[in-house]
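Have a look at the structure below, then the notes.
This is a predicted model, so every value here is computed, not measured. A note on names: the letters A, B, ... follow the listed sequences, proteins ahead of strands, and every chain is numbered from 1.
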Protein chains: 2
Amino acid sequence: MTVPTSAAPPVSAAVSAGAPSGRAVRLSDLVGYHLRRASVFDLNGAVAALEPEGLRPVPMSVLQSIVEQPGISAAEVCRALGMQRANIVPVLADLDRRGFFLREADPADNRIQRLFPTRRGLEEAQRALARVAAHEARMLARLSPAERAELRRLLGLIWKTDSPDGADTPDG
Amino acid sequence: MTVPTSAAPPVSAAVSAGAPSGRAVRLSDLVGYHLRRASVFDLNGAVAALEPEGLRPVPMSVLQSIVEQPGISAAEVCRALGMQRANIVPVLADLDRRGFFLREADPADNRIQRLFPTRRGLEEAQRALARVAAHEARMLARLSPAERAELRRLLGLIWKTDSPDGADTPDG
DNA sequence: GTGATAATGCTATACACCATAACAGTCAAT
DNA sequence: ATTGACTGTTATGGTGTATAGCATTATCAC
């Protein structure tokens, strides 16, 4: 843990807690570092929480999107979740195989399939969301309700762009 | 965008902004959802910012760890960054090939290699960190300094466990 | 000492996730 | 009528990470 014989003086002696005046000097000064660590931590917990339902975070989000917006198309789900059209195909195939939603041809546009949740899909989405919510309750136990809301707000400020479609790349 | 003919009533009518009384009802009520979206958004920007340096986020973090704690071992870097020992090998091989650090045998333990940054490594780490910091400045432009510090604090509360080694899984 | 346990650095490998390119079918606009 | 754009889809490659196992070395109990 400690630096051995010929070690250089500790660089971290320069700064204490937050990023100082100008730029970051330590890895832990970067918001992105904590963002990544927290996201991975949460994702692992979410995967474990969803495991009894046989769902992964992405399929759960897709199903939830269909439940929240019945009649949504696959492409619209992709734009809403920031994923690629090609990658939703196997996800929908699995959710379809399990009877969680139905595909209905759009009467006005033959390219589009409208997705509607089934009864089973509604129930599964509710169960899955409850499990993830329970995981979050444990994860955020040290945060007050106000702090959780503030965290959601600050995170939303980061990734939600002004354009309706959330582009996953900054510096557009 | 809008739901066609036989659409069900909008589920989102139940709640407004934050998570209501008990559990989440929408995907956007989950902190983890915003955490993921924000993390992906940041990661894309960090990758783009580091591209001129020929570094990726993980190698950059490894190099930065060596710079911040000269004499650290590979296993210690892995524990600090929450990565697997097996996965740091090619990362160190590349950083070594580029002459960013030196391996020095620990005089007290022949298993351990102590890692020390070279002059080139120090400069590269400084350049890389500056680029990432510049990316973050753009990404967090809408947040006040106080909000950025608060965000760092709240994120740290999520993933930093009580144990010195940050385990990336909740519900231990 | 000797044996059991554990840690380090490393190899090989497999899986999950995401991105890109391309395609046919359909729609809209000029 | 042709061009361009969108949808769903297939195929494919790259990346990040996790797992299993190995030889070497250190530590601890006996």
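At whole-Å resolution of the value, CG in A:Leu92 and C1' in D:dT10 are 15 Å apart. A:Asp96 has its CG atom 13 Å from the P atom of D:dG8, to the nearest Å. Put simply, CG on A:Asp106 is 14 Å from C1' on D:dG8, counting in whole angstrom units. Nucleotide D:dT7 holds its C1' atom 15 Å from the CG atom of A:Asn87, rounded to whole Å. In this structure, CG of A:Asn44 is placed 19 Å from P of C:dC15, rounded to the nearest angstrom. The CG-P distance, from B:Leu43 to C:dC17, rounds to 16 Å in whole Å. Atom CD1 in A:Ile88 sits roughly 16 Å away from atom C1' in D:dT10 (whole-Å rounding). Taking atom CE of residue B:Met83 and atom C1' of nucleotide C:dC10, one finds them 14 Å apart after rounding to whole Å.
Put simply, the side chain of B:His34 gets close to the backbone of B:Ser28: a donor and an acceptor are under 3.5 Å apart.
For B:Ala75, the side-chain atoms get nearest to C:dG9 when compared with the rest of D:dA18, C:dG9, D:dT9. Which of D:dT9, C:dT11, D:dA18 sits closest to the side chain of A:Gln113 comes down to D:dT9. When each of C:dG9, D:dT9, C:dC17 is scored by its nearest atom to the side-chain atoms of A:Arg103, the top-ranked nucleotide is D:dT9. Comparing C:dC27, C:dG9, D:dT10 by their nearest atom to the side chain of A:Asp109 picks out C:dC27. For B:Ala86, counting side-chain heavy atoms from C-beta on, the closest listed nucleotide (D:dA20, C:dC18, D:dT9) is D:dA20. With D:dG8, C:dC10, C:dC17 as the choices, the nucleotide that has an atom nearest any side-chain atom of A:Arg85 turns out to be D:dG8. Distances were taken from every side-chain heavy atom of A:Ile112 (C-beta onward) to each of D:dT15, D:dT19, D:dG8; the shortest belongs to D:dG8.
For the OP1/OP2 pair of C:dA19 and a distance below 4.0 Å, the side-chain nitrogens and oxygens of A:Gln84 include at least one atom meeting the criterion. One finds no side-chain N or O of B:Arg36 lying less than 4.0 angstrom from the OP1 or OP2 phosphate oxygen of C:dC17. Between A:Arg79 and the phosphate of D:dT7, there is a side-chain N or O to OP1/OP2 separation shorter than 4.0 Å.
Closest approach of A:Leu151 to B:Val31, counting heavy atoms only: CD2-CG1, 3.8 Å.
Applying the 3.5 Å distance criterion, the base of D:dA26 shares no donor-acceptor pair with the side chain of B:Arg111. At a cut-off of 3.5 angstrom, the base of D:dA26 holds no donor-acceptor pair with the side chain of B:Asn110.
Residues meeting the side chain to side chain donor-acceptor pair (under 3.5 Å) test with B:Asn87, sequence neighbours left out: none.
B:Val67 pairs with exactly one of B:Val62, B:Leu115, B:Leu122 by the side chain to side chain contact (heavy atoms under 4.5 Å, CB included) rule, that one being B:Leu122.
Environment of CD in B:Glu123: crowded, with over 12 heavy atoms of neighbouring residues, nucleotides or ligands closer than 6.0 Å.
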